[in-house]
Amino acid sequence: MTPYARRGVHGQTVEALARRVLSGRIPEGATLDLVALQGELDVSLTALRESLKVLAAKGMVDARQKRGTFVRPRADWNLLDADVLRWQFAGSTDTVADLALLRNLSEVRGIIEPAAVRLAAQRRGDADVQALEDALAAMGIEGGGQADHAVEADLAFHRALLNATHNELLERMEMVIESGLAHRDRIVHSSPHGEDPVPSHRAVLDAVRAGDGDAAERAMRALLDQAGRDLDKVHATSQDSTRTEGDGTK
């Protein structure tokens with residue numbers, strides 16, 4: 001999915017507004033001052049209103065007579081929307097909130113992906129296996145020290161797994177999984193503390209190719225456990241570094 005910021009002034013305005021709401025800079029229940037926002041963002045009132053329609057469709061804002069446009073409670077937001085997930089991570093400096101959201105997404109993945117990979121083992125075709133092979137090859141070749149390439153390869157692998165279920169609703173789950181997975185991968189693949197991801201992904205691929213649903217599910221659970229360990233290691237290292245800097249030690 002193309003980020004809104006790449007879609008011209010309209011897209012940039014949508015992202016700017018979304019990040020203000022998601023960060024709490026414009027809090028829940030707040031009524032938006034459209035004239036002030038128009039000046040701050042340097043856009044026309046029409047462009048601003050069109051951008052707010054996007055956020056309204058995602059449950060983040062609403063407009064009422066006599067009240068104006070206001071931020072809806074977080075409980076109403078479409079938190080599983082791929083854009084909303086991505087906006088929560090983009091530009092965030094709150095590592096505690098990031099970690100909490102990543103752990104929530106890890107729990108979602110733990111429910112979806114083991115069951116999905118079982119189906120993939122039962123339904124995969126030759127093209128599905130080839131897509132997994134290609135992604136794994138890219139992960140091994142391009143992952144060495146190049147975080148962006150490793151991220152793209154990992155996303156391609158998990159996308160191929162969902163596609164191999166041949167269930168169009170599960171295939172759409174990539175929009176939920178990819179947003180958090182991409183952010184988690186950028187953190188982990190930019191750190192020297194993560195484990196090599198290739199063996200755990202290879203185990204999943206081998207089980208899917210063999211059509212062994214039980215083995216595929218076990219391999220996926222092991223892969224997700226490793227992903228959790230990697231994230232915890234990076235977070236612990238970051239905390240240690242922060243404490244060291246705070247103590248003034250070298």
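We number each residue from 1, following the sequence as shown.
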Task: Donor + acceptor pair across side chains of D134, Q130 (<3.5 Å) - done: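 Short answer, yes.
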
Output the distance between atom [atom1] ([X]) and atom [atom2] ([Y]), rounded to the nearest 0.5 Å.
X	Y	atom1	atom2	result
L132	L161	CG	CG	5.0 Å
M139	H149	CE	NE2	14.0 Å
N78	L85	CG	CG	8.5 Å
T165	R123	OG1	CZ	6.5 Å
E168	L162	CD	CG	13.5 Å
D225	S106	CG	OG	10.5 Å

For the residue pair [X] and [Y], what are the closest heavy atoms and their distance?
X	Y	value
A207	A215	CB-C, 3.7 Å
V71	P27	CB-O, 3.4 Å
M175	A82	O-CB, 3.2 Å
L224	G110	CD1-CA, 3.7 Å
D196	P199	O-CD, 3.4 Å
R109	P114	O-CD, 3.3 Å

So does [X] pair up with [Y], basic N to acidic O under 4.0 Å?
X	Y	value
R159	E152	no
D76	R74	no
E217	R118	yes

Open item on the list: Checking side-chain contact (heavy atoms from CB on, under 4.5 Å) between V21 and each of K58, E28, M60, which is the one that passes?
Closed with: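 Exactly one option meets the side-chain contact (heavy atoms from CB on, under 4.5 Å) with V21, and it is M60.
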
Test item: [X] and [Y] side chains (from C-beta on) under 4.5 Å apart, heavy atoms:
X	Y	answer
I177	E174	no
V117	V208	yes
Q88	L79	yes
L105	L181	no
L205	R209	yes
D62	R64	yes

- [ ] Begin with the C-alpha distance, continue with both residues' side-chain angles, and end with the deciding distance and a verdict on side-chain contact (heavy atoms from CB on, under 4.5 Å) for W77 and L55.
- [x] CA-CA 9 Å; W77 302 352; L55 301 192; over 6 Å; no

TODO: Answer yes if I112 and V176 sit in the same cluster of Ile, Leu, Val, Met, Phe, Trp and Tyr residues linked by side chain heavy atoms under 4.5 Å apart, and no otherwise.
DONE: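 Yes, I112 connects to V176 through the hydrophobic network.
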
Open item on the list: Taking F70 as the starting point, is it possible to reach V84 by hopping between hydrophobic residues whose side chains are less than 4.5 Å apart?
Closed with: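 No, V84 does not connect to F70 through the hydrophobic network.
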
Task: Residue pair V54, H10: steps toward the side-chain contact (heavy atoms from CB on, under 4.5 Å) verdict - done: CA-CA 10 Å; V54 175; H10 168 68; 3.9 Å; yes

- [ ] Would you check, one step at a time, whether the test side-chain contact (heavy atoms from CB on, under 4.5 Å) holds for L17 with L48?
- [x] CA-CA 9 Å; L17 291 168; L48 181 60; 3.8 Å; yes

- [ ] Would you please test R86 and E15 for side-chain contact (heavy atoms from CB on, under 4.5 Å) and show each step?
- [x] CA-CA 10 Å; R86 182 173 52 77; E15 292 219 347; 2.9 Å; yes

Please set out all donor-acceptor pairs under 3.5 angstrom arising from side-chain atoms of residues 34-47, sequence neighbours excluded.
unit_1 : atom_1 : unit_2 : atom_2 : d
E40    : OE1    : R20    : NH1    : 2.6
E40    : OE1    : R20    : NH2    : 3.4
S44    : OG     : A47    : N      : 3.0

- [ ] Report the residues that fulfil ring pair (Phe, Tyr, Trp, His ring centres under 6.0 Å) with H201, sequence neighbours left out, ordered by chain and then residue number.
- [x]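 Listed in chain order: F157, H158.
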
Open item on the list: Keeping D128 on the side-chain end and G125 on the backbone end, is there a donor-acceptor pair under 3.5 Å?
Closed with: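 Judged by distance alone, yes, a pair lies under 3.5 Å.
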
